[in-house]
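I have placed the structure first, in the form of structure tokens, so that the comments after it can refer back to it.
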Amino acid sequence: MCGIHGFFELGSERPDPAWLARMGQVTRHRGPDDGGAHVDGPCALGMRRLSIIDLAGGHQPLSNADGSLVLVCNGEIYNYRELRRELQALGQVFRTESDSEVVLHGYAQWGQRVVDHLNGMFGFALWDRRRQTLVVARDRLGIKPIYWCRHGTRIAFASEAKALLELPGMTRAVDAQALQAYLELGYVPSPLSIFEGIRKLPIASVLKVTADGAVIERYWQPSTTVDTGPSASEWAHRVRERLETSVRMQMVSDVPIGAFLSGGIDSSAVLAFMARHSDAPVKTYSIGFDGGAAERFYNELDAARQVAQRFGSDHHEILVKPDVVRLMPRLLWHMDEPIADSAFVTTHLVAEFARRDVKVILSGVGGDELFGGYRRYLGEHYMRYLDWLPRSARRQAARWGRLLPSDRHSKWLNYSRLARNFLASAAEPFPERYRAYVGTQAPDEARSLLVRPPAERYDPIGEAFNAMPGTDPLARMFAVDALTQLPDDLLMLTDKMTMASSLECRVPLLDHELVELSARIPASVKVAGGELKSLMKSALGDVLPRDVLNRPKRGFGAPMGAWLKGALAELLDGALSRRAVESRGLLRHAPIEKLVADHRASRIDGTDRLLALLNLEIWCRIYLDGRSTDDVADELEEAVA
């Protein structure tokens, strides 16, 4: 895994290699082992390398024999051995053992359609000198990020937005549409970024740059057409077989490899299959929070320890009481954009812990989206019991729901929170109900926070539903997730928080062939009888012990809501004070003040909204004010003290 960057000059100006060096230096954490650059005509390519496969011979940029094709590639191609044999049979000559070289020769053989042949996670840039074309591509699920921009006569790209900010003339301003979308969702949806003028390359897309400009083409998308033919047992057999194949394929590495382990179904399944295909005990890593009841609610160390013992792993665990005040500025610098998902803290802490021993980690990320592991996926199942009510009765139920107390750090108040969210949207159409499940706050509430709302609102959820028609609600929900929250929240934070520690994270449950298989399975099989992950449990029935299969789900996050009421209360008050908010000039203070009061009284669970606002202000101090993370951390500590 690496960090890539580069640019294409559309005018008469030639690329300055010094700018490549600056882009590489600011993303050195992505690849501390090696670096490289290539400048040819209007195109400049650069990369930072974290050496995983072919340690000695995998230096990038890679080129073909005559130098007409040059490549930088971030990620891993898991079927590279099969592709290498196929391409050699077609006459292609390889010069290294690097997995990335199959992209180079695959392009020579198949052109831009090389992406159809790749099984892996990748973001690559390829310079085709003969055609004077730069090709930048992102993997199907968006596991690896790509940002890009057009500034003047220059089109640039990078694995991280901060590299683009190193280019001359780049300004740092907040995109108004992105800001409203962030307040609604808790993350910035693609193709927007929080920076005005910088965009994310959407998942499964190719950016083609020539002297005429840039064109983006989509080469894959999830299906919403289910197959009702196979039986549940046949689906379970296919899922188990493909999942084991995916884990085995993703274990390829020339450096030490391990696994994150929470004790839940997904990470336990990954460990079980790794243990089958490993000659030595698998190194596993778990994290727990030290503290009171809220911290214990998120502590899964006991469960992880039991699974580790079951499969004989070389298990490592850490109990932490993080200095969140000092940590947040550094993590938000790495994130490039603000985020309201507390999992970014947890992911960083366990990644930093694992990096002491390994350079590659496997994670269970994506299993809940693929196989119906979130309670929101049961919304349509339970709607059958409300649909017989007249619309007026459903509206009354929504009003009653808004009166329920809410707090995710207490078992019963958390159930109340879920019931409140379900009832509050019961009278709405399906896409609006789903928006209520996944959103941080309603669009009108987000707009009311803004001092200067955008002229036109960007609605990624609505666009995704329009692009993904179908009759199976679970298939549609996954397809929408695959276009929005999965790449722009979960996978983005996974990439940024592991790469902050120079750790490569692989996600075998998001193998695209497993994704395509899962997308065809009807909801009546995936969550049979309203049981979350019922098919997944059947598929793993003789792989995992029953107590793991039946263990209640816990989120892989941090007790942020409790911290915002307690240890971080002063931080919240200072960062979101009237003076701080009004001097920033982006948001109105009155609704923020009410939100803080309602959250502390448990009238609502305002965790996500408050974290979104807090992280936005910290992000602004770093990226808009141009201050160092240490300087911002010192200021926050003073406010708390």
Side-chain angles (χ1 to χ4, degrees), residues 1-3 27-34 48-53 55 74-76 121 247 250-264 267-268 270-271 274-275 278-291 295 298-309 311-324 326-331 333-335 342-365 493-508 556-558 629-630 633:
M1 189 181 294
C2 313
T27 54
R28 186 181 179 88
H29 53 276
R30 296 190 70 91
D33 297 333
D34 190 16
R48 294 297 319 179
R49 184 184 180 213
L50 182 66
S51 305
I52 304 294
I53 295 175
L55 306 187
N74 167 33
E76 303 293 343
M121 56 177 189
V247 171
Q250 297 197 22
M251 290 175 67
V252 61
S253 175
D254 293 335
V255 297
I257 188 169
F260 289 149
L261 182 62
S262 69
S267 64
S268 298
V270 170
L271 170 59
M274 287 181 75
S278 179
D279 296 329
V282 177
K283 293 181 180 295
T284 51
Y285 300 88
S286 303
I287 186 172
F289 290 100
D290 186 17
E295 285 79 7
Y298 282 88
N299 194 329
E300 296 185 283
L301 288 180
D302 289 343
R305 194 180 305 122
Q306 292 170 18
V307 174
Q309 291 170 351
F311 295 103
S313 74
D314 178 10
H315 189 56
H316 306 260
E317 59 185 45
I318 185 172
L319 192 65
V320 298
K321 193 169 186 177
D323 185 352
V324 180
R326 287 215 69 85
L327 196 58
M328 297 273 269
R330 179 160 61 92
L331 300 192
W333 180 84
H334 278 290
M335 281 300 305
S342 66
F344 85 113
V345 175
T346 315
T347 303
H348 163 75
L349 292 170
V350 72
E352 188 177 54
F353 179 50
R355 186 59 177 87
R356 300 173 188 176
D357 305 317
V358 299
K359 290 179 78 171
V360 177
I361 205 84
L362 268 64
S363 166
V365 163
L493 76 83
T494 299
D495 174 84
K496 299 286 183 64
M497 292 297 93
T498 53
M499 290 310 297
S501 296
S502 305
L503 179 71
E504 173 173 293
C505 185
R506 301 176 180 177
V507 285
F556 186 66
T629 58
D630 284 340

(request) Determine, stepwise, if the pair D254 / K359 fulfils salt bridge (Lys or Arg N to Asp or Glu O under 4.0 Å). (result) CA-CA 10 Å; D254 293 335; K359 290 179 78 171; over 6 Å; no

(request) Give the intermediate values and the outcome of side-chain contact (heavy atoms from CB on, under 4.5 Å) for residues M335 and M497. (result) CA-CA 7 Å; M335 281 300 305; M497 292 297 93; 3.7 Å; yes

(request) Decide side-chain contact (heavy atoms from CB on, under 4.5 Å) for T284 and M274; before the verdict, give the C-alpha distance in whole Å, the side-chain angles of both, and the deciding distance to 0.1 Å. (result) CA-CA 11 Å; T284 51; M274 287 181 75; over 6 Å; no

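Residues S313 and L271 approach most closely at CB-CD1, 4.1 Å, considering heavy atoms. Residues A275 and F311 approach most closely at CB-O, 4.2 Å, considering heavy atoms. Scanning all heavy atoms of the two residues, the minimum distance from I318 to L301 falls at O-CD1, 4.2 Å. Annotation for V358 and L503: closest pair O-CD1, 3.5 Å, computed over non-hydrogen atoms. Closest heavy-atom contact between V270 and P508: CG2-CG, 4.0 Å. In terms of heavy atoms, S262 sits closest to A303 at O-CB, 4.3 Å.
Side-chain contact annotation: H29 with S502, donor-acceptor N/O pair under 3.5 Å absent.
Salt bridge D630/R330: absent, no basic N to carboxylate O contact under 4.0 Å.
When side chains are defined from C-beta on, M251 does not count as touching V282, because their heavy atoms never get closer than 4.5 Å. F353 places none of its side-chain heavy atoms less than 4.5 Å from the side chain of V320. The side-chain heavy atoms of V255 and E504, taken from C-beta on, include no pair separated by under 4.5 Å. Using a 4.5 Å cut-off on side-chain heavy atoms (C-beta onward), F344 and L331 make contact. At a threshold of 4.5 Å between non-hydrogen side-chain atoms, the residues D495 and M121 do not count as touching. Side-chain contact between F289 and L319 is absent, with no heavy-atom pair separated by less than 4.5 Å. Put simply, the side chain of I361 does not reach to within 4.5 Å of the side chain of V350, judged on heavy atoms. Side-chain contact between D357 and P256 is absent, with no heavy-atom pair separated by less than 4.5 Å.
A distance of 8.5 Å separates OG1 of T494 from CZ of F260, quoted to the nearest 0.5 Å. With values rounded to the nearest 0.5 angstrom, R30 atom CZ is found 10.5 Å from H334 atom NE2. In this structure, the separation between CD on E76 and CD on Q250 is 9.5 Å, given to the nearest 0.5 Å. Taking OG1 of T629 as the start and CG of L327 as the end, the distance is 10.5 Å to the nearest 0.5 Å. A distance of 5.5 Å separates CD1 of I52 from OG of S253, quoted to the nearest 0.5 Å. Interatomic distance, Y285 OH to E352 CD, rounded to the nearest 0.5 Å: 13.5 Å.
Checking side-chain atoms of S267 against main-chain N and O of G364 turns up no donor-acceptor pair under 3.5 Å. The closest donor-acceptor contact from the side chain of N74 to the backbone of C2 lies under 3.5 Å. Of the possible polar contacts, one joining the S363 side chain to the V365 backbone as a donor-acceptor pair under 3.5 Å is found.
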